[in-house]
Number of protein chains: 4
Amino acid sequence: MASRASRPLGRPRSERARQAILRAALELARERGAGALTMDAVVRRAAVSKETVYRWWPSKTHVLLEALAEFGERAIPIPDTGSLGGDLRAFMRATARALDPPTQRVLRTLAAEAATEKSLAAKVRDQFLARRRAALGTVFQQAVSRGELSPERAHIDLDLVFGSLWYRLIFDLGPLDRNWADAVSGAIAAQHAPRS
Amino acid sequence: MASRASRPLGRPRSERARQAILRAALELARERGAGALTMDAVVRRAAVSKETVYRWWPSKTHVLLEALAEFGERAIPIPDTGSLGGDLRAFMRATARALDPPTQRVLRTLAAEAATEKSLAAKVRDQFLARRRAALGTVFQQAVSRGELSPERAHIDLDLVFGSLWYRLIFDLGPLDRNWADAVSGAIAAQHAPRS
Amino acid sequence: MASRASRPLGRPRSERARQAILRAALELARERGAGALTMDAVVRRAAVSKETVYRWWPSKTHVLLEALAEFGERAIPIPDTGSLGGDLRAFMRATARALDPPTQRVLRTLAAEAATEKSLAAKVRDQFLARRRAALGTVFQQAVSRGELSPERAHIDLDLVFGSLWYRLIFDLGPLDRNWADAVSGAIAAQHAPRS
Amino acid sequence: MASRASRPLGRPRSERARQAILRAALELARERGAGALTMDAVVRRAAVSKETVYRWWPSKTHVLLEALAEFGERAIPIPDTGSLGGDLRAFMRATARALDPPTQRVLRTLAAEAATEKSLAAKVRDQFLARRRAALGTVFQQAVSRGELSPERAHIDLDLVFGSLWYRLIFDLGPLDRNWADAVSGAIAAQHAPRS
DNA sequence: CGGTAAGCGAGACGGTACGTCTTGTCTTATT
DNA sequence: AATAAGACAAGACGTACCGTCTCGCTTACCG
């Protein structure tokens, strides 16, 4: 009989190389932004061969996405203050706090990739945006349960909230700070304010 | 008497070359998107020397922006239906109609450039986004005049509306069609619906 | 035990590319002369990437010199007729025979490079001229052994002989044919003719 | 009747521009050598328009040759010491004295041009080399008159003498100093030494 | 004195080569 | 089988010169 759990033949994949690559990609994106995230730079910093990168990831976008899943996931806690307005403001303030300049550079890098090619857009959407949307979706779901919000509105509101974030980020339209967080949550919550 | 209009010395700039370059850049962006808009490709298609392009524009982004100002200006008419909801829906539907696939490719190209470098973001913001924001701003201004909308809300609503557009566009989150137009305008207008 | 011969790491240099580059450079110089020997032309004809050329040779002069060492080495046989006059005439006639138009174009190309930059002059001197000087030097050495020639004269005579060759070649002063070969060898040998 | 000397119509050629161009070309060749003598550089330094240069000279070689005729002509005096050996040594020493580094750079520039294109070689030959050859030719002629030298030898000796000069110069084979001058004149004179 | 004609500066233009950079593939020996 | 090392083809980058061109202005003469 064969080996117990069908362990693959040959040299096993190097965990050290994998981590070095992910770390290098994330660092480069954080430190210097979209223009500096090149495969050559990743390979250089990770002290790894190009072949190894291309064997496991088809493009730098894939590397960066996995790096974010590995290291970057500072999950935003889902608040429960009892009202949509309160939950939303708490969520947005937490989001704004997370958006320090290195993080902004990473997000801009992702956006540049996504804008360049639809297939990369799909990857970013499914492997990165989805998580953020799910978190905010939960907040909206709580509001639906409380009867504050109709289900059909929740979906478009996701676009409005995250859209304003990316729009300001990509085109450098203004700070993504506490004021911005409050303004956006105020505007969204106003749609659903109880009529007197 | 002074000289008439101080015509600059030397051979005058070739209008033919200028147009060929702008047209080539816009065509390439429309046909094949961000990845195919290279200086070499522009030069090839415009049958122009590289020197001539770099003499007048520092980067392809600048070329594309001028091309849009030259050819792409399909101004969206500013509607006046008497209510914010009506105006907004009309504006968004017209916007959706304008967003055919070639136009979407151009916008994604702009977004890719803007996301890569802040200085390009500034250019895109000031020379392209500004006009669109001004148009929608006028719609909101009319609503302010009618007492339907507070001035401070108008500004954040601009971000929400355009943000949702670019967000869906860049990350390929769904069609930018009439349904989308109605959903967004409905959501925004709901914030300002008269309380009973 | 140590490694066998310390074979360098990585993909080995492509012999095919190397030969194609050298061949292309030599052909271009032979066919069309100094003006046509450009890196772009070499790259085009060799169907090779620019990177590959610049990885191994810092300039076209270096390429051409290696090409000559690889393919162009039609060594001129060192004659031994028993007298300086006879040896010299034989050597010069063989040299004249070798100087067909393509070869002349190659030599003019080398001269153009050498005249442009001292560092290139040094390369040409050490990697190309040296061999020719050594050959004629041997002829003179034989004469010294026979007592026909003083050692100190041999050195300056090298300059006189090759100088007249390059001088005529570069400035297109006349054919480098059998007559020329006989005239030069006659003049040089006359210096050393036994006094009656 | 027509005008007296058939003065051409239109604005007369600017002597100031002509001199500025010639001076700029010569200076650049003297200061920085072959690589730096570009039409653009000449035009820049002469504060003159390209058109003006190309109107009067078809190439930089032509400019440089005329510049040498205008400014550079330090004629080497033709000595008459009573013997070929003496005359030749005097001539060569004067030549060596004239070959300071800037002058060497100019000559290398001429050689680079001549080696690149036969038509330029012809120009250099007829408009520059000819004068030098004529001067040395006169020295040899004197020797022929004195019966020291056969006429048919004079021609090939010209090549040997000047050839050694250019050969050493182009390929940077050694100094062109008094020692060299004496060695060459000694070797040439030895051919014609009276047999005992 | 006004007209005619060439020279001139300024500088834009199409073209081509330069040398560098990045991408994604490949070919080795080693582990 | 995975790795490191690194060569390779492809092709874009931005710069530099080349030689040509198109202007408006200047400087002569000529009638």
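Order of the sequence lines fixes the chain letters, A, B, ..., with proteins taken first and strands second; residue numbering starts at 1 for each chain.
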*Asks:* In whole angstroms, how far is the C1' atom of F:dG14 from the NE2 atom of B:His62?
*Replies:* 15 Å

*Asks:* Should the pair A:Arg18 and A:Trp56 be classed as cation-pi, given the thresholds of under 6.0 Å to the six-membered ring centre and 45° from the axis?
*Replies:* no

*Asks:* Would you kindly give the OH-to-P distance between D:Tyr54 and E:dC13, to the nearest whole Å?
*Replies:* 18 Å

*Asks:* Judged by each residue's nearest nucleotide on DNA chain F, which is more toward the 5′ side, D:Leu9 or A:Val48?
*Replies:* A:Val48

*Asks:* Between B:Glu51 and B:Pro12, just flag the one whose closest nucleotide in DNA chain F comes earlier from the 5' side.
*Replies:* B:Glu51

*Asks:* Measure from the side-chain heavy atoms of B:Trp56 and tell me the nearest of F:dA9, E:dC18, E:dA12.
*Replies:* E:dA12

*Asks:* Of the nucleotides E:dG19, F:dT3, F:dC13, which one has an atom closest to the side chain of C:Met39?
*Replies:* E:dG19

*Asks:* Do any side-chain nitrogens or oxygens of A:Thr52 fall under 4.0 Å of OP1 or OP2 in F:dA4?
*Replies:* yes

*Asks:* Could you tell me whether A:Trp57 contacts a base, only the sugar-phosphate backbone, or nothing, with contacts defined as non-hydrogen atoms closer than 4.0 Å?
*Replies:* nothing

*Asks:* Hey, which of C:Val124, C:Leu22, C:Leu120 is the one that makes side-chain contact (heavy atoms from CB on, under 4.5 Å) with C:Leu65?
*Replies:* C:Val124

*Asks:* Any donor-acceptor pair under 3.5 Å linking the side chain of C:Arg108 with the backbone of D:Ala114?
*Replies:* yes

*Asks:* So that I can tick it off, tell me whether B:Glu31 and B:Arg45 are bridged by a salt bridge, with the cut-off set at under 4.0 angstrom between side-chain N and carboxylate O.
*Replies:* yes

*Asks:* Nearest whole angstrom, please: distance from the P of E:dT20 to the CG of A:Asp40.
*Replies:* 15 Å

*Asks:* Below 3.5 Å, does any donor atom in the side chain of B:Thr38 face an acceptor in the base of F:dA12, or the other way round?
*Replies:* no

*Asks:* Out of F:dT3, F:dC13, E:dC13, which has the shortest distance to the side chain of B:Arg13?
*Replies:* E:dC13

*Asks:* Can you tell me the distance, in whole Å, between the CD atom of D:Glu117 and the P atom of F:dG19?
*Replies:* 11 Å

*Asks:* Students often get this wrong, so: under 4.0 angstrom with heavy atoms, is B:Arg44 touching a base, only sugar-phosphate, or nothing?
*Replies:* sugar-phosphate

*Asks:* Report yes or no: is there a donor-acceptor pair, N or O only, under 3.5 Å between the side chain of A:Arg11 and the base of F:dA1?
*Replies:* no

*Asks:* Mind checking C:Arg16 for me? I need base, sugar-phosphate or nothing, with any heavy atom below 4.0 Å counting as a touch.
*Replies:* sugar-phosphate

*Asks:* Could you check how far CZ of D:Arg55 sits from C1' of E:dG9, rounded to whole Å?
*Replies:* 11 Å

*Asks:* E:dG24 base to A:Lys50 side chain: any donor-acceptor pair below 3.5 Å?
*Replies:* yes

*Asks:* Going by atom types only, do D:Ser49 and D:Glu51 share a side-chain donor-acceptor pair under 3.5 Å?
*Replies:* no

*Asks:* For A:Lys60 and E:dG24, is the shortest distance between a side-chain N/O and OP1 or OP2 below 4.0 Å?
*Replies:* no

